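In what follows, chains are A, B, ... by sequence order, proteins preceding strands, each numbered from 1. Just so it is clear, the model here is predicted, and its values are computed rather than measured.
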Protein chains: 2
Amino acid sequence: MDSLIKRIGYYVRSNPEALEDFARLPYKTETRQAGETIVSEGEKVNFVFVIESGWAIRFRLLENGRRQILNFMLPGDCFDLMAITRAKSDHNVSAASEVVLRRIKADAFMKTVASNPQLATSFWWAAIQEEALLREQIIRVGRRSAKERTAHLILELNRRVATVTGQLDDYLAFPVAQSLMADALGLSVVHISRTLTQLKADGYIKMDSQGIEILRRKKMADMCDFDSRYLHLDKLDL
Amino acid sequence: MDSLIKRIGYYVRSNPEALEDFARLPYKTETRQAGETIVSEGEKVNFVFVIESGWAIRFRLLENGRRQILNFMLPGDCFDLMAITRAKSDHNVSAASEVVLRRIKADAFMKTVASNPQLATSFWWAAIQEEALLREQIIRVGRRSAKERTAHLILELNRRVATVTGQLDDYLAFPVAQSLMADALGLSVVHISRTLTQLKADGYIKMDSQGIEILRRKKMADMCDFDSRYLHLDKLDL
DNA sequence: CGCGGGTTTGAATGAGTTCAATCACGGTGG
DNA sequence: CCACCGTGATTGAACTCATTCAAACCCGCG
């Protein structure tokens with residue numbers, strides 16, 4: 001719950017007890033191993049999920065085995081806020097690393113949110129952010145070079161993690177394989193590897209098996225044209 | 001107004017007078033020439049716009065002059081449904097062809113929609129569709145070849161026009177320059193031209209100065225893996 | 001007629017892919 | 001404790017798709 005509180009809490013800071021209604025909603029906690037499915041394409045979505053820990057991905061598979069990841073979902077992220085009105089999911093969600101998630105019945109969720117304007121506003125903001133992430137993803141994949149894309153994604157993830165931890169750290173715990181980065185950025189695994197090597201050689205980052213350290217944030221942001229405004233963190237100031 | 005009625009009307013068919021509230025909302029009608037700005041990045045959005053005729057685009061400009069179009073907006077489309085809660089726009093909107101649009105004050109819009117569940121549901125659906133378009137755009141740009149992308153976009157636009165006209169026509173009036181297609185698909189103008197030539201040579205389409213005729217819809221859809229389900233037109237049956 | 005925007009074509013270049021081989025590393029079983 | 005295995009990361013070489021630059025073309029319009 002912690003991570004959601006942190007995430008949603010930004011928007012209801014003034015009135016923390018608004019969150020209690022939400023915390024009291026009945027739920028089930030589930031764990032999924034990396035690679036396991038959470039929601040599959042064509043499925044009716046009757047639940048809202050909140051990621052407690054770990055990373056998940058939303059993606060679509062194409063006929064010839066290609067995969068495109070739409071976005072990463074981090075602790076504190078909710079889905080599918082949009083689809084819960086009797087729509088069928090048009091994409092898959094699965095665990096990118098080991099994931100713990102809270103599952104809440106959609107109708108109960110809706111009722112609580114509808115009856116609490118503070119909460120409604122918070123989730124509205126979350127939906128705005130989610131849409132902004134999709135837009136940025138289009139730009140990244142459509143008009144940026146491999147090097148820019150990769151750097152840009154790293155900075156985005158780093159910033160999003162900060163939304164939950166409350167501080168902007170230079171080390172990004174990175175629990176997922178490079179093949180996921182490839183499928184997110186529309187590149188081949190091989191090229192992701194080369195590109196990361198290049199980013200290391202350029203002194204932007206350092207990597208170990210657990211994650212990525214950002215060595216020159218400013219230079220890196222300039223290089224890849226990263227501007228965190230699209231994340232709509234206005235309420236925050238990191 | 002006609003086009004919006006057609007668009008939103010699908011979701012409130014049973015109860016046409018629900019739309020009257022909406023039609024009665026005070027508004028201004030504006031015309032923009034191709035290339036003119038409608039909303040610019042960083043601007044506060046206090047209005048909801050509805051496209052009456054013509055096409056508009058949402059896009060972002062990158063430092064070095066590159067441009068990525070996020071999506072096309074056709075008659076009957078509304079924006080920015082999401083952003084109207086005191087957010088600043090993180091992208092531009094401008095006219096792709098000559099555009100007539102209806103401008104409605106955000107607060108009045110919100111009040112009317114909130115007080116009318118049928119309308120609220122309709123616009124909720126419109127928002128779901130909009131998000132689905134963004135997701136599909138990511139997949140198109142991230143994991144499809146130039147030929148597939150181009151064909152896929154043509155079929156999507158064709159299908160979306162049908163949502164408003166009420167019938168699926170094989171001829172798509174195409175009022176915008178190829179350079180817009182290029183910026184939407186993350187390709188160069190030159191390559192779009194070559195790709196269209198190829199689609200013509202393959203017998204998928206025929207073009208004149210006004211638009212595109214789809215000659216082999218089925219074959220074309222198979223080739224580019226177009227599956228209209230993502231458009232969430234379930235309520236329709238064309 | 002001539003200008004100008006948009007489109008088309010060709011040739012050279014380049015970014016990213018593909019295929020295949022190698023490496024690094026953590027886990028497992030003998 | 002070490003050999004072995006498998007997964008994921010890395011490297012090299014050949015190849016492909018798309019870009020770039022430049023020139024030609026087309027067509028509507030003043």
Can you tell me how far [atom2] of [N] sits from [atom1] of [X], to the nearest Å?
X      : N      : atom1 : atom2 : value
B:F174 : C:dT7  : CZ    : C1'   : 14 Å
B:I212 : C:dT7  : CD1   : P     : 11 Å
A:R144 : C:dA15 : CZ    : C1'   : 17 Å
B:D208 : D:dC26 : CG    : P     : 17 Å
B:L180 : C:dT7  : CG    : P     : 9 Å
A:L199 : D:dT10 : CG    : P     : 12 Å
B:N64  : D:dT20 : CG    : P     : 10 Å
B:D183 : C:dG6  : CG    : P     : 12 Å

Problem - B:R102/B:E30 under side-chain contact (heavy atoms from CB on, under 4.5 Å): CA gap, chis, key distance, verdict - result: CA-CA 6 Å; B:R102 162 180 299 226; B:E30 298 180 351; over 6 Å; no

Handout entry: Comparing A:S209 and A:H191 on DNA chain C - which has the more 5′ nearest nucleotide
Key = A:H191

Give me, pair by pair, the N or O atoms of the protein and of nucleotides 8-14 of chain C that are less than 3.5 Å apart, along with how far apart they are.
| from | atom 1 | to | atom 2 | distance (Å) |
| --- | --- | --- | --- | --- |
| C:dT8 | OP1 | B:K200 | NZ | 3.4 |
| C:dT8 | OP2 | B:Q178 | OE1 | 3.3 |
| C:dT8 | OP2 | B:Q178 | NE2 | 2.9 |
| C:dT8 | OP2 | B:S193 | OG | 3.0 |
| C:dT8 | O5' | B:S193 | OG | 3.4 |
| C:dG10 | N7 | B:R194 | NH1 | 3.3 |
| C:dG10 | O6 | B:R194 | NH2 | 3.3 |
| C:dA11 | N6 | B:R194 | NH2 | 3.0 |

Practice task
Look up atom CE in A:M207 and atom NZ in A:K200, then write down how far apart they are to the nearest 0.5 Å.
Solution key: 5.0 Å

Practice task
Assign B:G35 to base, sugar-phosphate, or nothing according to its heavy-atom contacts below 4.0 angstrom with the strands shown.
Solution key: nothing

Practice task
With the side chain counted from C-beta on, respond yes when B:I138 and A:Q68 share a heavy-atom pair under 4.5 Å apart, and no when they do not.
Solution key: yes

Practice task
For A:F174 and A:L157, run side-chain contact (heavy atoms from CB on, under 4.5 Å): C-alpha distance rounded to whole Å, both residues' side-chain angles, the deciding distance at 0.1 Å, then the answer.
Solution key: CA-CA 9 Å; A:F174 202 85; A:L157 291 169; 3.8 Å; yes

Exercise for the section: Tell me, please, whether B:Y27 has B:R103 positioned over its six-membered ring: NZ or CZ under 6.0 Å from the ring centre and within 45 degrees of its axis? Expected result: no

Exercise for the section: Could you check whether the rings of B:F49 and B:F79 sit parallel, tilted or perpendicular, using 30° and 60° as the cut-offs? Expected result: parallel

Problem - Which nucleotide in D:dA18, D:dG8, C:dG16 has an atom nearest any side-chain atom of A:S145 - result: C:dG16

Practice task
Return the 5'-most residue of the pair A:V176, A:R143 with respect to DNA chain D, ranking by each residue's nearest nucleotide.
Solution key: A:V176

Handout entry: Step-by-step side-chain contact (heavy atoms from CB on, under 4.5 Å) determination, B:Y230 to B:E156
Key = CA-CA 10 Å; B:Y230 72 89; B:E156 175 184 302; 2.7 Å; yes

